[in-house]
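Single-structure report; data block below.
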Amino acid sequence: MGCLNFSPSKTLAPSFLLLLLFCVTNIAEAFNFTTISFDEGFSHLFGDGNLVRSPDGQNVRLLLDRYTGSGFISSSMYNHGFFSALIKLPADYTAGICVAFYTSNADVFEKTHDELDFEFLGNVAGKPWRFQTNLYGNGSTSRGREERYRLWFDPSKEFHRYSILWTSRNIIFYIDEVPIREVIRKEEMGGDYPSKPMALYATIWDASNWATNGGKVKANYKYAPFVSDYKDLVLEGCPVDPIQEFPFSACYESDSRIANKDYSAVTPSRRAAMRKFRQRFMYYSYCYDTIRYPVPPPECVIVHDEQRRFKDTGRLKFGGSHKGQKRHSRRRSRTPVSEDPDI
């Protein structure tokens with residue numbers, strides 16, 4: 001992980017202190033889970049020969065070239081769970097590229113789908129990757145709940161763990177063992193909280209029409225193929241048939257087991273790390289976008305010290321702009337997002 005190769009002499013003091021906090025958190029509170037091979041839990045989704053497995057099935061490589069992207073999907077759908085992988089992103093010029101690690105049921109519930117997203121957004125050479133998290137419930141794509149962030153490391157240099165915890169009570173997005181976002185279910189959310197079984201997906205695809213600077217900078221296939229790597233895959237949850245009648249009574253034992261796992265608890269040290277991350281690296285939040293949402297959605301926790309840093313567009317008061325852009329992928333329609341500040 002980045003902690004082990006970190007050189008404070010090359011980094012400003014505030015970043016050093018933050019990374020030191022992350023390192024201490026990671027070392028002291030490493031998660032306990034079981035990894036699986038590709039064949040034990042996944043299958044090829046699209047991309048013909050652009051998915052490459054290692055001989056032992058422990059490593060998977062997804063490629064994007066001028067002809068197609070690629071992706072894989074879990075063989076089962078899950079009613080809640082912990083979904084995780086070590087991922088390394090493409091290097092150098094990656095503008096227009098989106099690498100997505102997410103749960104969804106859009107292939108089964110086309111008009112009422114649920115979704116939880118990590119979406120990594122490429123950039124021109126020398127500029128950093130950015131990423132966003134988002135969630136939808138019951139087809140609520142018109143009420144996107146995206147947040148955008150920078151990273152404190154170069155995700156193309158080494159593997160880092162990205163994880164999604166989804167329970168009936170809350171959702172937590174993790175990088176390594178640092179929680180970067182928690183959504184606690186509120187009754188007022190109604191169907192906007194994901195509630196139907198979902199599969200885990202990993203994809204790489206051309207998102208030139210929105211991913212970098214609002215679509216102004218496109219993918220350049222002179223730098224292809226673009227490669228993302230995955231290993232140490234985790235699927236912990238209750239596999240179910242999504243068409244069977246709700247609720248899934250057979251999943252109570254699985255839900256209880258997940259609730260007792262270490263990754264289900266945001267300990268004081270993890271909460272401190274999450275607060276530091278959000279203070280330093282979050283540059284857009286829908287909760288502070290009062291133009292889009294004059295009344296914040298019910299799950300938003302307004303932190304007044306944090307709120308003062310943002311404009312009424314939900315963006316930081318320094319750098320960047322907020323202009324709505326329609327996002328479209330080969331598989332799913334998206335909500336407006338803000339332009340990138342790092343280009």
Testing the 3.5 Å rule here: is there a donor-acceptor pair between the side chains of [X] and [Y]?
{"X": "Arg61", "Y": "Ser228", "answer": "no"}
{"X": "Asp154", "Y": "Ser156", "answer": "yes"}
{"X": "Glu119", "Y": "Asn134", "answer": "no"}

Does [X] have more than 12 heavy atoms from other residues, nucleotides or ligands lying within 6.0 Å of its [atom1]?
{"X": "Asp56", "atom1": "CG", "value": "yes"}
{"X": "Arg278", "atom1": "CZ", "value": "yes"}
{"X": "Lys157", "atom1": "NZ", "value": "no"}

Residues [X] and [Y] bridged, charged N to O under 4.0 Å:
{"X": "Asp114", "Y": "Lys196", "result": "yes"}
{"X": "Arg257", "Y": "Glu236", "result": "no"}
{"X": "Glu115", "Y": "Arg145", "result": "no"}
{"X": "Glu306", "Y": "Arg275", "result": "no"}
{"X": "Glu177", "Y": "Arg270", "result": "no"}

May I ask you to decide if the ring planes of Tyr78 and Phe83 are parallel, tilted or perpendicular, using 30° and 60° as cut-offs?
->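 Answer is perpendicular, since the angle exceeds 60°.
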Fit a plane to each ring of Tyr221 and Phe226, take the angle between them on a 0 to 90° scale, and name the class: parallel (under 30°), tilted (30 to 60°) or perpendicular (over 60°).
->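 Perpendicular.
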Going through the checks in order, is the side-chain hydrogen bond (donor to acceptor under 3.5 Å, both in side chains) test met by Ser208 and Asp206?
-> CA-CA 6 Å; Ser208 289; Asp206 186 330; 2.6 Å; yes
Do side-chain atoms of [X] reach the backbone of [Y] as a donor and acceptor pair under 3.5 angstrom?
{"X": "Ser140", "Y": "Gly137", "value": "yes"}
{"X": "Asp65", "Y": "Thr68", "value": "yes"}
{"X": "Thr290", "Y": "Pro294", "value": "no"}
{"X": "Arg181", "Y": "Thr133", "value": "yes"}
{"X": "Asp176", "Y": "Val178", "value": "no"}
{"X": "Arg315", "Y": "Phe310", "value": "no"}

Just wondering, do [Y] and [X] contact through their side chains at under 4.5 Å, heavy atoms?
{"X": "Leu89", "Y": "Thr94", "result": "no"}
{"X": "Met198", "Y": "Leu116", "result": "yes"}
{"X": "Leu200", "Y": "Tyr102", "result": "no"}

Go through the structure and list residues passing side chain to side chain contact (heavy atoms under 4.5 Å, CB included) with Glu187, not counting sequence neighbours.
->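 So Glu187 forms no side chain to side chain contact (heavy atoms under 4.5 Å, CB included) with any residue.
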Identify whether NZ of Lys or CZ of Arg in Lys311 sits under 6.0 Å from the centre of the six-membered ring of Tyr288 and within 45° of that ring's axis.
->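 No.
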Among Tyr201, Tyr230, Phe46, whose ring pair (Phe, Tyr, Trp, His ring centres under 6.0 Å) with Phe72 holds?
->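 By the ring pair (Phe, Tyr, Trp, His ring centres under 6.0 Å) criterion, Phe72 pairs with just one of Tyr201, Tyr230, Phe46: Tyr230.
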Residue among Tyr263, Phe118, Phe277, Trp166 satisfying ring pair (Phe, Tyr, Trp, His ring centres under 6.0 Å) with Phe173 |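 That would be Phe118.
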Taking it one step at a time, do His113 and Asn105 satisfy side-chain hydrogen bond (donor to acceptor under 3.5 Å, both in side chains)?
-> CA-CA 5 Å; His113 86 284; Asn105 50 33; 5.5 Å; no
Stepwise, does the side-chain hydrogen bond (donor to acceptor under 3.5 Å, both in side chains) test hold for Glu253 with Ser256?
-> CA-CA 5 Å; Glu253 182 179 343; Ser256 177; over 6 Å; no
Phe131: partners by ring-ring contact (aromatic ring centres under 6.0 Å, His included), with sequence neighbours left out |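 Partners of Phe131 under the ring-ring contact (aromatic ring centres under 6.0 Å, His included) test: Phe120, Tyr149.
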Residues sharing Leu63's hydrophobic cluster, by side-chain heavy-atom contacts under 4.5 Å among ILVMFWY, directly or via others?
->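 Via sub-4.5 Å side-chain contacts, Leu63 links to Val52, Val227.
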